[in-house]
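A short write-up of the structure that comes next.
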Amino acid sequence: MPLRLLKYAWKKSEDEPRFFPDETPLKKAYDVVIIGGGGHGMACAYYLAKEHGITNVAVLEQGYIGGGNTGRNTTIVRSNYLTSEGVKFYDESLKLFEDLSDDFDLNIFYSTRGHFTLAHTDSAMRTMRWRAEVNKHHGIDSEVVDVETIQKEVPYMDMSCNGQHPVMGALYHAPGSVARHDAVAWGYARGAQQRGVEIHQKTRVTDIKTKGGKVVGVETDRGFVEAKKVISMVAGSTPRITEMLEIETPIEIFPLQACVTEPVKPFMDTIVVSGSLHVYVSQSSRGELVMGASVDPAELHSTRSTLDFVEGLTDQMMDLFPFTSRLKIMRQWAGMSDITPDFAPIMGKTDVEGFYLDAGWGTWGFKATPVSGKTMAYTVANDTPHELIKPFSLSRYADFKLVGEKGAASVGH
Amino acid sequence: MKFVTCPSLGRRALSEFTYGGRLEKEPDQESVSEKAWTDYVFYRNGAPQTLKEWWYHRPTGIWFLFERNTLTDRITQVEFANRGIENEA
Amino acid sequence: MKLRLAPQPLEWIDRKSSVSFTFEGQTVSGFKGDVISSALWAQGRKVVGRSFKYHRRRGLLSFANHDINALLQAEDRPNVRADVVQAEDGMSLTAVNTFGSLASDKGALVEWIGKFLPVGFYYRAFYSPKFLFPKWERLIREMAGLGKVNTDWSEERKPKRYLHCDVVVIGAGPSGMAAAIAAAKQGVDVCLIDENPYIGGSLDYQYVNEDSQQLNRKYLKETVESMPNIQVITSSYVAGYYGDHWLGINTPDGLIKLSAQAVVVASGVFEQPAVFRNNDLPGVMNASAAQRLMARYAVAPCKEAVILTANPEGYRAALDLHKNGLVVKAILDTGKTAGESVVQAKSAGIPVFENAVLVEATGRKQLQGVTFEVGRLQHHLSCDGLLMSVGWAPAGAPLYQAGAKFGYNYTLEQLLPVELPEGVFACGRINGVFEIEDRIKDGEQAGTAAAQTVLGKEALAPVDYTAKSAHSDPYPIWPHPKGKEFVDFDEDIQIKDLKGAIAQGFDNIELMKRFSTIGMGPSQGKHSNMNGIRILAKLTGKTIDQTGSTTARPMFHPTPVSHLAGMRFRPERLTPLHSFHQQRNACFMEAGSWLRPEYYPTAETREASIAEEVSAVRNSVGLIDVSTLGKLEVFGRDAGELMDRLYTMRMSNMNVGASRYALMVDETGVVIDDGVAVRYSEEHFYVTTTTSTSDSAYRLIQKKVIEWGLKVTVLNRTGQIGAMNLAGPNSRKILAQLTDLDLSNDAFPYLAMRRAQVCGVEATLIRVGFVGELGYEIHTDSQSALKIWASIMEVGSEYGIKPFGVEAQRLLRLEKGHIIVGQDTDGLTNPFEANMPWSVHLKKPYFLGKPSLMKLKTLQNRTLVGFELLSKAHKDMPLESNLLIENGAMIGRVTSIGRSATLNKVIGLAMVETAFSEENQVLKIKLTDGRFVDAKVIKTPFYDPQGLLQKPDESNEGEAA
């Protein structure tokens, strides 16, 4: 029994301090308005307050904290990307993740499980090796492993894939982890709030006002608030915000679906991804198998579920784990993803002075939560892009300086 | 699943179709500026709206143009792409 | 049998056949037709499971699959729902999630330390020190989870079926049956779906003993069964509504995918438990559960009952017990219910306490009594059954998924649909209609309206049959200072847990759910969400509508993976020459959806076999199946124009009878495809694509034809044409024996194309040089391909001909420095980077991606180069994707590499920063083990740089015709 829990024996749980404040009126003006109360928005608010002393900040969230993609993703954290830009960025994120529980005084269930990305073709093997080599070059624990090694770690996996697409090897990333997604947002929110940041749920931004090419404030369904700087951190809804300023981006919205089985006792410790089979799976600490695939085929601003998705996913899943046919799918859901042409985010300043973008998160937003908060806070505080996000500028497309992640990410997990 | 009312085949499952992107007019290559070209290739308004889109019916190998709302997923018009393009022009 | 009743009028059991199974190691017998729960209960086994967190003993609650108290482990699957799975001979079952056994579960210790484990306790501990977290997590994981998986279980797949109907009716209770009949009478095809094995719904368990309903029952059931246009699907539930009236229906035999024109939701309501101290003691159950036990399985819920009720349904349940000779000690009415059943109950002598306030249920291992207050007076009654009838929540999953809006009705104290999407209708209790006669009328109007929609007729405005008095208690929740009032039985959530969550700021419905986990268990809130909403609304001072509810996502019930996956349908494409490859024991590899020979095992090792194949091509002759190439035919007035627009090179100036390399980029200038184009006539081209892009290239070209408004037809001939490449110095000699075509250099020069009879079959011959030898690509219709192939092999035997596979071809082309799109190029590579500036004709007025290439030409900072390794040691052999490092920085990577026996060295291609692409530049390749090996940039082709061998005896450059 951990000592921390002993106090609850004589303390009523209602005495616990609130994570989030009661509803308060909006102030007339803020130094910074963050649109979007998901993990990224909360993290940015947290680091603005903690590291830059900027506390006159409001986070405006149209729904509830973490109710967008933060609460809909499959919680995988990894840094084994293909490009140097990606690797450095996500490596920093991993390092931050590792200490978050202590920082927050809240267990985010950061659980390091090891992450296999299976290769079923020799071209996939080449991609895995490419990633491994780039990763190792940057000091990331990542290597190509052979079938025997995989079999030893995941003895119950059918390496022949039902004789259809035998596994040839895998990229193994020991630091690959899962975490409790909601707790990450809650921890950042509580930490930001304790430092003076205001969090306003059920507050929708309806317009962004500018004067002479400069941001002056935002219109909300609760009235106008002045703001010197506005950050859009609403992956999945980014174009709705950029449209307010007539900023065009390469972002198109595609639904990304996931599902879970009924809980069963733990048997799967590792995270397994197969790009060829469009499957990724891990077992949550509650015992559910958490599974996902690639994004839906067409642009759509909706979180509806489809039968096609769950049919396809379960079919492929059985190639790897035939015994899962005896399990049941309990729930399916969907999120909306900001998809960019080069499968890399769009971060930093824009042509509108005082307006910053944290967008284009595709299917990898959750794992970037800490680092995006930290680097965006730096960028906003200094009005200059953080070193780590320079490659992710909105203008890179016009310069044909795309980030080459596309080669690695047919399944983005 | 979505169903599509095809002008010649009637009600078909959307899963028979492959999405082919938005219908956008390519700028004249001879006269286009660099900016106008990259705007065309990369930058767009991705907000919910009603769009004309390319959809390919795999069993028949025919391209269609759908008028579809990207918020509601409602398809309000389906036409053969070759005819649709003529109408656009 | 302790609790089995005398035969019931509508019972589902077959008393002539008994079944026997084991539960927790002990034999249980029941009747055929019993579900596992009813068989257990009939024998007086009231403890059917342990709860999730505290491992409290649990009995039946909803007896309708709305809770997981009775969740069992079978030998061949986990998490069996005992409330709905039929008992079968030989089953061997145990409770899930016990440590020890159901009777003696060490997990129950958790209850003793429960006060240390407030809501969300796991967020507050275990993370420090960090190194201990994995141990704690393991413990938490072991404690969580329900059934156990045996990873040796074999794969199960059930076939799927498709079904089409005009109107689908979900739920075959009185309103659903009436809706189906009414729709069918309009002449449309109807599907009627119910999760129970028999139609009838609550008519058959809540109204069994009401003579007045016999006529309705007979009419509805017999009419449904007699109408040919009503298809009844029982034991099946709608797992999800997926837009445009597309339903996934789970049946015992697999998934049905149903497409309907209109949907009638008559799925009824879930009975909601009351929340009070010890409401989870075995013996406390929903009144409807008790009625189902009695009516369907002839099992008494108890011997001495107390009824807690807020509606006439509770009184009716009391009468059912009474009729079966069971003692009803009292009816505790939370208010003052009126109606006929109240009068009957009172006249039957059942004591009724109005305005009763529940205090607690008592008992140690199971229910022994109930304490309640009326006025200020506390009473205690001993009983072994406490039946709760305090309210209903909509079984609204299909409606929510279809996009319906619900609103709270304060007369009924129930959520009702207030806005329905097009083509979706609701009727019966989900609509707040409670009297049977009204439910039938409501069903009839919904069924009629649905049919009218299908028929394109105007529907009449619906009559409102909504009940005029409450059937739910507005707050059936009685907190107790000592707690243990369970709101969510799956997750062991008590009132204090919700209070705690709310107090900490998780005070909207979604946050409360996510923090407390209410509604997140396997029954997905069916018995807990409504009470959760009521508690949240009360504690935050909001209305139910302001509080809102969570989304009901699919699946309605957890649905087997084996059903969702269905049978495997994953076709593989085989080339027309596949039988030959099989005879030669070819080692196959996947190429797109095709299977291709990787190599033919003729020597001891893979490498040696491949080396033999390479050697045959270089020294004599080899034959490779290239049927998997995409093959497109282009005809029409604008054929030349189309080819010019599609490819980076000029194509319209090709001579008839010539061939040319064809490279395609996308609008951003990235290389996406390459192949060979030939010109059959002025207005007729034939072009190949890479294997994996054949479908997408064909789609793209068709689209561009339309976009560009060209008069041209494009045909995808990929599957209709077989192709092979006969290559090597002796290829001409072999081919000459099989065709009358003049194969001399003058008549058929390098890069020319000819059509001729080969082995008496019409074929297209192309003089190609991909592997760098004299060679002919032969394309012919699929049926004839094997004939030509076999003849070549036969004639070629004299020259030691060998079939060769993809691996040998890879090495051969590497020796020539030819790229493979997708291997030597990546998702961003343009033709300049691929070192093929010659392939881009920027002077053409228009081609796909040209403006991007004009820009990219000025931005080039990496280049594909050839290199040779400066070490020949086997241990120094790099792998494809090894990096090139200069001064600690990555400057590129190896894209292709191979050990060339022909050249006696290791050669490769690498994508490097342009600054390092000069000839003789030494590149440092970092091997996988971290060592470095040097390589030197050299010109390509590595082999036969002048290209003399692919056009022997010819001196003229370029293409001919």
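Side-chain atoms are counted along with the backbone in the values below, which use heavy atoms only and exclude waters and symmetry mates. In the text below, chain A, chain B and the rest are named by the order of the sequence lines, each starting its count at 1.
Closest approach of Phe506(C) to Phe20(A), counting heavy atoms only: CE2-CE1, 3.6 Å.
Options Thr928(C), Thr668(C), Leu859(C), Leu247(C) differ in how many heavy-atom pairs under 4.5 Å they form with chain A, and the most are formed by Thr928(C). Options Trp333(A), Phe400(A), Tyr156(A) differ in how many heavy-atom pairs under 4.5 Å they form with chain C, and the most are formed by Phe400(A). In terms of heavy-atom pairs under 4.5 angstrom with chain C, the leader among Gly71(A), Ser123(A), Gly67(A), Ser84(A) is Gly71(A). No other option in Lys160(C), His557(C), His563(C), Gln401(C) has as many heavy-atom pairs under 4.5 Å with chain A as Lys160(C). Ranked by heavy-atom pairs shorter than 4.5 Å toward chain A, the options Ser852(C), Ala501(C), Gly930(C), Gly248(C) are led by Ser852(C). Contact tally against chain A (heavy-atom pairs below 4.5 Å) for Lys855(C), Met890(C), Arg138(C), Met589(C): the top residue is Met890(C). By number of non-hydrogen pairs under 4.5 angstrom with chain C, the leading residue of Lys136(A), His165(A), Met157(A) is His165(A). Chosen from Asn97(C), Ile68(C), Leu139(C), Val96(C), the residue pairing most often with chain A at heavy-atom distances under 4.5 Å is Asn97(C). Chain C forms more heavy-atom pairs under 4.5 Å with one residue of Ser111(A), Ala183(A), Ala132(A), Pro341(A) than with any other, namely Ser111(A). Options Thr261(A), Thr324(A), Val134(A) differ in how many heavy-atom pairs under 4.5 Å they form with chain C, and the most are formed by Val134(A). Chain C forms more heavy-atom pairs under 4.5 Å with one residue of Gly287(A), Ser285(A), Ser284(A), Pro21(A) than with any other, namely Ser285(A). Looking only at heavy-atom pairs under 4.5 Å with chain A, the residue among Ile140(C), Leu879(C), Asn861(C) that has the most is Leu879(C).
Contact of the Met318(A) side chain with the Glu156(C) side chain is not registered, since no non-hydrogen atoms from C-beta on lie closer than 4.5 Å. Contact of the Glu405(A) side chain with the Leu828(C) side chain is not registered, since no non-hydrogen atoms from C-beta on lie closer than 4.5 Å. In this structure, the side chains of Leu307(A) and Leu564(C) come closer than 4.5 Å at one or more pairs of heavy atoms. For the pair Leu327(A) and Arg77(C), the minimum side-chain heavy-atom distance is 4.5 Å or more.
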Please determine whether side chain to side chain contact (heavy atoms under 4.5 Å, CB included) holds for the pair Thr127(A) and Ser881(C), giving the CA-CA distance in whole Å, both sets of side-chain angles, and the decisive distance to 0.1 Å. CA-CA 7 Å; Thr127(A) 306; Ser881(C) 299; over 6 Å; no

Between Phe323(A) and Val149(C), is the side chain to side chain contact (heavy atoms under 4.5 Å, CB included) condition met? List the steps. CA-CA 8 Å; Phe323(A) 58 89; Val149(C) 164; 3.5 Å; yes

Going through the distances and angles, do Lys328(A) and Met555(C) end up as a side chain to side chain contact (heavy atoms under 4.5 Å, CB included)? CA-CA 10 Å; Lys328(A) 290 174 180 164; Met555(C) 306 294 166; over 6 Å; no

Does Met317(A) form a side chain to side chain contact (heavy atoms under 4.5 Å, CB included) with Val561(C)? I'd like the steps, not just the answer. CA-CA 9 Å; Met317(A) 168 85 172; Val561(C) 166; 5.5 Å; no

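A distance-only check finds a donor-acceptor pair linking the side chain of Arg129(A) to the backbone of Glu880(C) [under 3.5 Å]. Under a 3.5 Å cut-off, the side chain of Thr314(A) and the backbone N or O of Ala565(C) do form a donor-acceptor pair. At distances below 3.5 Å, not a single donor-acceptor pair connects side-chain atoms of Asn107(A) with backbone N or O atoms of Arg124(C). At least one donor-acceptor pair under 3.5 Å links the side chain of Lys265(A) to the backbone N or O of Ala144(C). A distance-only check finds a donor-acceptor pair linking the side chain of Lys130(C) to the backbone of Glu98(A) [under 3.5 Å].
Between the CZ atom of Phe133(C) and the OH atom of Tyr110(A) there is a distance of 11.0 Å, given to the nearest 0.5 Å. Going from atom CG of Asp182(A) over to atom CZ of Arg514(C) covers 4.5 Å, rounded to the nearest 0.5 Å. Here Phe309(A) contributes atom CZ and Tyr242(C) contributes atom OH; the two are 10.0 Å apart, rounded to the nearest 0.5 Å. Between Phe267(A) atom CZ and Asn150(C) atom CG the span is 10.5 Å, to the nearest 0.5 Å. Distance check: Ile329(A) CD1 to Asn250(C) CG gives 11.5 Å after rounding to the nearest 0.5 Å. For the atom pair Trp153(C) CH2 and Phe321(A) CZ, the distance stands at 15.5 Å (nearest 0.5 Å).
A donor-acceptor contact closer than 3.5 angstrom is absent between the side chains of Arg180(A) and Tyr122(C). For the residue pair Glu155(C) / Ser325(A), no side-chain donor-acceptor distance below 3.5 Å is found, with atom types taken as modelled. For the residue pair Gln823(C)/Arg126(A), the side-chain donor-acceptor check at 3.5 Å is satisfied. In summary, the side chains of Arg326(A) and Ser154(C) do present a donor paired with an acceptor at a separation below 3.5 Å, with no hydrogens or angles considered.
When heavy atoms are compared at a cutoff of 4.5 Å, Gln201(A) approaches chain C solely by way of its side chain, counted from C-beta outward.
Salt-bridge annotation for Asp315(A) and Arg157(C): present, with a side-chain N of the basic residue lying under 4.0 Å from a carboxylate O of the acidic one. Between Glu311(A) and Lys257(C) a salt bridge is recorded (basic side-chain N to carboxylate O distance below 4.0 Å). A salt bridge links Arg570(C) with Asp319(A): the closest approach of a Lys/Arg side-chain nitrogen to an acidic carboxylate oxygen falls below 4.0 angstrom.
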